[in-house]
Amino acid sequence: MAFNPMDILAGLNPAQRQAVQTIQGPLLILAGPGSGKTRVITHRVAYLIKVCGINPHRIMAVTFTNKAANEMRERLERLLGQTSEALTLGTFHAICAGILRREGKVIGLDPRFVIYDEEDQLTLIKQSLLEVRLDPKHYTPRAIQSAIKAAKSRGLSPKEYAHQTHSYFDEVVHRVYEHYQQLLTRSQAVDFDDLLLKTVQLFAEHPEVLNRYQSRYLHILVDEFQDTNITQYILIKQLAGKYRNICVVGDPDQSIYSWRFADLRNILSFEKDYPDTKVVFLEQNYRSTKTVLEIASHIISANLKRKPKSLWTENETGVAVAIVETYSEDEEAQFVVGEIEKLASDGEASLRDCAVMYRVNAQSRALEEAFMRYGVPYKLVGGTRFYQRREIKDIIAYLRVLHNPSDNISLMRIINIPGRGIGQRTLAELSAWARSQNISLYHALKASEEKEPAFTPRTTYALNTFFNLMEELRNKSKELSLSELVDEVLESTGYQKYLLGQEDGEERWENVLELRAATEEYGGLSPEEALATFLEKVTLVSDVDELDEKAEAVTLITLHQAKGLEFPVVFIVGMEEGVLPHRKSFDDPEEIEEERRLCYVGVTRAQKQVYLLRAYRRSFLGGSSLNPPSRFLKDIPPHLVTIKGLWEEELFAPVAAPSPRRFTLLSLKIGEHVHHKIFGEGEVIDCSRMGDDQVVTVTFKEAGTKKLLLSLAPLKKVEKAPEFRS
DNA sequence: CGAAAGGCTCTTTTT
DNA sequence: GAGCCTTTCG
């Protein structure tokens with residue numbers, strides 16, 4: 001099929017075309033929600049390659065999540081009909097990690113450096129506090145962590161930080177920051193923010209390296225520009241220094257990451273630093289109904305520090321927004337599930353069309369319980385994130401040490417897990433000695449016999465045994481495939497036994513197996529490369545990245561994570577003062593404005609229908625509170641609203657209590673066959689305990705696989721095996 | 001050394 | 001209500 005370059009422009013509106021075709025010089029695209037932003041970026045890159053003949057090797061596109069990057073690559077390949085590997089495409093963090101692996105040597109960075117996440121960072125900060133003899137009770141590690149992150153987001157090294165600040169607390173932070181950086185260096189590690197900051201420093205100190213990159217990148221694109229921080233801004237300014245073909249895309253109304261030190265002033269700086277900037281507004285919305293767009297506009301218009309913007313759509317008017325008031329969060333969740341079941345059975349929306357959004361992760365709990373109780377499939381994004389789980393981090397720590405023995409934090413994590421008689425005292429002594437000898441902890445392990453005064457024979461033996469174990473694994477790591485290596489680690493360290501001996505060991509072990517499964521896709525690489533690639537990936541993935549859009553299930557997601565996604569039907573729960581807006585934002589008008597933007601982001605995810613829910617009473621931290629309705633609800637004009645008065649009509653109606661059915665509780669085993677009132681016949685494929693109840697996973701003949709709570713699901717045991725059994 | 005128990009503080013939001 | 005830290009005891 002002949003390729004017609006003009007296909008790239010087909011179907012774009014005039015503003016979108018302008019955004020695609022303006023390829024010379026700085027360009028700022030202000031894109032409202034649903035205005036086809038992703039489409040514009042993708043088409044712009046395609047246009048550069050196909051029409052302008054630019055080598056993909058010379059284009060960089062920065063996205064906010066890995067997911068966005070993957071999607072863009074897919075779309076691009078479809079559009080171009082060819083692969084696009086040469087294109088630099090990824091998050092700031094991933095792109096910088098790549099640059100540092102290649103070029104970091106000149107600033108003394110080992111190419112095998114490990115990336116510490118925020119948990120590792122906090123551990124290291126605690127250690128720093130102790131080592132500079134400050135009391136962690138007086139200066140909370142969290143506060144210090146936040147101050148260091150703030151400094152790094154503004155591009156400040158410890159020295160620069162000291163110059164810029166004067167309070168006593170700043171002096172404390174400065175001391176810890178400086179020491180913390182030393183500890184990182186000693187571990188051949190960088191933290192998240194260092195990925196950006198070190199790249200900036202590298203470019204600043206080594207113009208010859210910067211020059212290579214400047215000359216390479218003829219075109220640079222940055223998505224979600226409203227959520228970039230100052231360090232990221234400096235970085236793109238460096239990179240675009242030569243050609244100045246820099247295109248940034250953003251929407252100030254969707255800026256929701258100022259707590260991560262994203263700085264809206266970047267948009268102002270951009271226009272100031274590049275006075276010849278052309279600005280394109282994308283204001284036609286293709287996503288939502290007129291009603292959805294109108295209530296969104298009313299909500300966001302109440303922000304005072306904002307440039308007004310007029311969004312419009314040719315879509316149909318659609319239905320009114322539903323405001324639902326329930327008594328408790330459990331009822332709120334129950335309403336959501338009931339409504340989704342209704343939509344699904346009426347054929348108005350499938351499960352994957354629906355998303356439930358909330359302000360804080362803790363809110364997902366009541367929802368999950370309700371979804372489980374009614375056997376409606378859901379996918380939870382975030383929460384306790386997979387790669388943050390203790391057992392997962394343990395295994396990764398083993399792999400990290402095998403890859404790079406200098407990684408002290410990981411070594412300290414696993415040195416006594418499973419327990420092998422190396423306690424806190426020994427560890428403290430060993431690491432003090434390592435520091436005095438100026439060697440890594442791993443090296444100290446090897447040389448522990450030379451230490452004066454010596455460890456007890458028993459301790460020495462334990463240290464030696466552990467060291468030999470790790471050495472053996474390290475040798476094997478050079479030959480075994482990644483999954484074989486994981487198996488070997490699990491086996492030879494006794495980790496499996498250790499886990500299964502614990503209370504919730506079964507479940508944790510499942511997670512470990514899931515991790516092991518994830519290592520299988522690295523078969524094509526050499527053992528060393530596979531390990532390196534895997535370790536980098538696991539620290540830089542986010543939860544949205546893993547969201548499976550095709551699965552027939554309802555999405556449960558925080559408002560922050562929902563940015564960039566869209567769903568036909570959106571439920572926002574917890575529309576209450578204290579939740580949205582969150583009470584932490586009460587005393588700062590700017591934070592309230594950000595809460596409002598967050599609400600705006602949520603509403604504008606919807607294509608057809610929005611439900612805003614609030615509960616009269618919400619439990620938190622064991623207690624409960626009565627929250628007034630969110631102030632944002634007052635900004636919605638009444639004629640666009642239907643109130644669902646579960647409040648008046650159903651509140652006092654008897655709700656079927658779960659307990660009475662308990663005594664008829666039957667117990668099911670894997671392999672048994674059941675009959676469900678709605679879903680029909682199925683086979684039990686898994687069961688686990690939840691409190692004094694049982695959760696069973698059943699594969700139904702017609703309805704697919706569902707998780708059900710035994711006490712509530714209308715299930716009957718079937719003695720005779722159904723005929724579909726395979 | 002390590003298990004167990006008791007006491008404390010938080011919880012926004014995440015690449 | 002959990003997760004983290006400290007203390008206590010075997």
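Sequence lines set the chain letters: A, B, ... in the order given, protein chains first and strands last, and positions in each chain run from 1. All values below were derived from every heavy atom in this structure, side-chain atoms included, with hydrogens, water molecules and symmetry-related copies excluded. The model shown is predicted, which means the values in this text are computed figures rather than measured ones.
Rounding to whole angstrom units, CD of residue A/Glu329 and P of C/dG1 are separated by 11 Å. When rounded to the nearest whole Å, the span between CG of A/Leu427 and C1' of B/dC1 equals 13 Å. Straight-line distance from the CG atom of A/Leu122 to the P atom of C/dC5: 8 Å, rounded to whole Å. Taking atom CG on A/Leu197 and atom C1' on B/dT15, their separation rounds to 15 Å, with Å as the unit. Atom NE2 in A/His560 sits about 13 Å away from atom C1' in B/dT15, given to the nearest Å. In this structure, the CG atom of A/Leu196 is 13 Å from the P atom of B/dT15, given to the nearest Å. One atom, CG of A/Leu130, and another, C1' of C/dC5, lie 13 Å apart when rounded to the nearest Å. Here B/dT13 presents its P atom at 5 Å from CG of A/Asn361, a figure rounded to the nearest Å.
Nearest-nucleotide assignment on DNA chain B puts the 5′-proximal partner with A/Arg458, out of A/Glu595 and A/Arg458. Nearest-nucleotide assignment on DNA chain B puts the 5′-proximal partner with A/Arg420, out of A/Ala362 and A/Arg420.
Contact between the side-chain N/O atoms of A/Gln561 and the OP1/OP2 oxygens of B/dT14 is found at a separation under 4.0 Å. The side chain of A/Arg142 contributes an N or O atom lying less than 4.0 Å from OP1 or OP2 of B/dT11.
Using a 5.5 Å limit on the distance between ring centres and a 30° limit on the angle between planes, the aromatic ring of A/Trp259 counts as stacked on the six-membered base ring of B/dT13.
A/Glu594 comes within contact range of no nucleotide atom at all, as no heavy-atom separation falls under 4.0 Å. A/Lys126 comes within 4.0 angstrom of sugar-phosphate atoms only, judged by non-hydrogen atoms across all strands, and of no base. A/Asn416 comes within 4.0 angstrom of the backbone, heavy atoms only, and of no base. Within the nucleic acid shown, A/Ser585 has no heavy atom closer than 4.0 Å to any nucleic acid atom. When heavy atoms are screened at a 4.0 angstrom cut-off, A/Phe92 is found touching no nucleic acid atom at all.
Look at A/Arg425 and A/Glu429 and you find no salt bridge, because none of the NZ, NE, NH1 or NH2 atoms lies under 4.0 Å from a carboxylate O. Salt-bridge annotation for A/Asp117 and A/Lys393: present, with a side-chain N of the basic residue lying under 4.0 Å from a carboxylate O of the acidic one.
To the nearest 0.5 angstrom, A/Asn266 atom CG is 10.5 Å from A/Lys237 atom NZ.
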Could you spell out the base pairing of DNA chain B in dot-bracket, with Watson-Crick or G-U pairs whose two distances are under 3.5 Å, [ ] crossing and | to another strand? ||||||||||.....
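Side-chain proximity of A/His93 to the nucleotides B/dT15, B/dT14, B/dT11 is greatest for B/dT15.
Partner of A/Lys152 under the side chain to side chain donor-acceptor pair (under 3.5 Å) criterion, chosen from A/Asn229, A/Thr231, A/Asp193, A/Asp194: A/Asp194. Each of A/Arg614, A/Glu332, A/Arg631 was evaluated against A/Met575; a single residue qualifies, A/Arg614, per the side-chain contact (heavy atoms from CB on, under 4.5 Å) test.
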Evaluate the criterion side chain to side chain contact (heavy atoms under 4.5 Å, CB included) for residue pair A/Ile144 and A/Val172; output intermediate values, then yes/no. CA-CA 8 Å; A/Ile144 308 253; A/Val172 168; 4.0 Å; yes
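With sequence neighbours left out, A/Asp251 forms a salt bridge (charged side-chain N to carboxylate O under 4.0 Å, His left out) with A/Lys309.
Going from the P atom of C/dC4 to that of B/dT13 covers 15 Å, rounded to whole Å.
Between A/Phe203 and A/Tyr213, the ring planes are tilted. Angles from 30° to 60° get that label.
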